[in-house]
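First the structure, in the form of structure tokens, and then the observations on it.
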Amino acid sequence: MPRLVLLSAALFAVACGNPAARNQPDIDTQLAAEIAKIRAVDNHAHPVRPTAAGEKPDDEYDALPVDNLEAQSDPVRQRSSSPEVIEAHRRLFNGDKAKIAGAHGADYAVWILDQLGIETMLANRVAMGPGLPESRFRWVPFADALMYPLDNQSLIHNPDQKAFFPLEERLLRRYYAECGVAGKPATLAAYLDTVVRPTLERHKNAGAVAEKFEMAYLRTLDVGNPTRESAEKVYATGAGDYKALQDYIFRFIASESGRLGMAVHIHVAHGGGGYFNTAWANPLLLEPLFDDPSLRKTTFVMIHGGWPFTSETTPLLSKPNVYVDFSEQTAFNYPRDVSEVIRKWLEYVPEKVMFATDAYPFSPEVGWEEAGWIATNTGREALGLALSGMLRDNEITRDRAVELARMVLRDNARKLYGLK
Ligand SMILES: [Zn+2]
């Protein structure tokens with residue numbers, strides 16, 4: 001039986017820097033104790049699958065890994081020299097990560113979840129496998145590759161895209177193979193029927209709870225509503241408005257995901273890589289899609305909550321089928337900043353707000369474990385600060401504050417994905 005380690009309030013205060021040095025009203029201690037006890041559902045992360053000695057190291061934790069791009073200026077909290085990274089490493093491994101990993105073997109990833117106080121982690125990965133059991137990890141595969149069935153040379157304008165598109169093409173070839181299709185079918189109808197729909201159904205049957213789009217790394221989040229005829233023509237000829245074809249395929253995937261009971265996760269925020277176009281990731285670009293009556297049976301989750309456009313995210317929560325998580329913010333931003341974002345959302349539509357870490361293997365020093373440690377503690381501290389502020393301002397009762405903490409850390413996600 002895995003050892004259960006719940007985070008203590010004191011621990012997450014220490015791990016997240018030095019709150020005493022900041023001039024702030026502190027977290028209500030009773031609330032902090034309640035928050036520390038809650039075993040969370042992590043709405044978005046990239047756990048690395050533990051592999052045995054001699055086995056190929058796992059490389060399926062992302063369809064578009066950002067750890068091999070041209071150098072960028074890393075946010076200060078993510079640098080290997082960051083005191084929080086060093087502290088996370090010490091707390092988890094006491095200086096010897098390899099020894100701890102070896103001691104836990106195939107149970108290592110589950111052991112890490114226990115250290116992070118996470119009951120269930122949504123694993124955004126190309127594929128699952130041994131070491132990531134469904135009892136603790138639920139799959140979120142990638143759908144972007146399906147949007148780019150043509151020659152993608154015209155979409156490459158910078159070194160990041162030059163690295164990304166061949167990876168999407170490789171994943172699409174894998175989807176072709178898994179569907180038993182030799183290559184690109186001749187017509188759009190055949191493509192949708194023999195590749196796109198069967199891929200989504202296969203994901204669903206393998207346990208997927210959502211499909212993930214990393215679209216903003218490749219193009220704008222502005223999804224139009226082209227006619228079937230125009231999309232068919234572009235598909236068949238390879239000429240004309242390629243974006244219209246992508247938009248058509250995206251809508252087909254969103255609609256099918258709704259039919260299959262899978263949510264649609266969209267990266268909505270600034271992203272990794274020195275060429276990331278932040279304006280392409282503005283959540284307001286998604287509003288026409290969210291307002292389309294034909295897609296109201298599809299649940300959309302704005303992964304990362306739209307940072308830095310977090311105010312723009314807030315009104316979108318009034319759409320009945322739109323949710324949000326604060327992953328990535330918990331990795332890159334400080335608890336005070338994250339708490340202000342969370343408070344805005346909790347004061348608006350709290351049933352749609354979800355905790356998440358974006359635990360990701362950023363570098364040799366900042367693995368998914370250290371990133372997860374920083375993010376789980378930042379998320380809990382930020383939530384505590386937000387709720388303590390609402391309590392002090394008489395917006396909510398103490399009981400409601402505890403209820404909101406449970407909703408954000410666990411219950412909203414459980415309800416959305418039908419988790420036990
Ligand atoms: Zn991610």
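Ligands are counted one by one from 1 in listed order, and the atoms in each one are counted from 1 as well.
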Could you pull out all residues at least two apart from Ala106 that satisfy side chain to side chain contact (heavy atoms under 4.5 Å, CB included)? none
Every N, O or S from the protein that is nearer than 2.8 Å to the Zn ion (ligand 1): His44 NE2, His46 NE2, Asp358 OD1
Would you say the side-chain atoms of His267 and His304 include a donor-acceptor pair closer than 3.5 Å? yes
If you draw a 6.0 Å radius around CZ in Arg170, do more than 12 non-hydrogen atoms from other residues or ligands fall strictly inside? no
Side chains of Tyr417 and Arg138 only: does a donor on one sit below 3.5 Å from an acceptor on the other? no
Is it true that atom CD of Glu55 has more than 12 heavy atoms of other residues, nucleotides or ligands lying nearer than 6.0 Å? yes
Can you find a heavy atom in the side chain of Phe164 that is under 4.5 Å from one in the side chain of Tyr217? yes
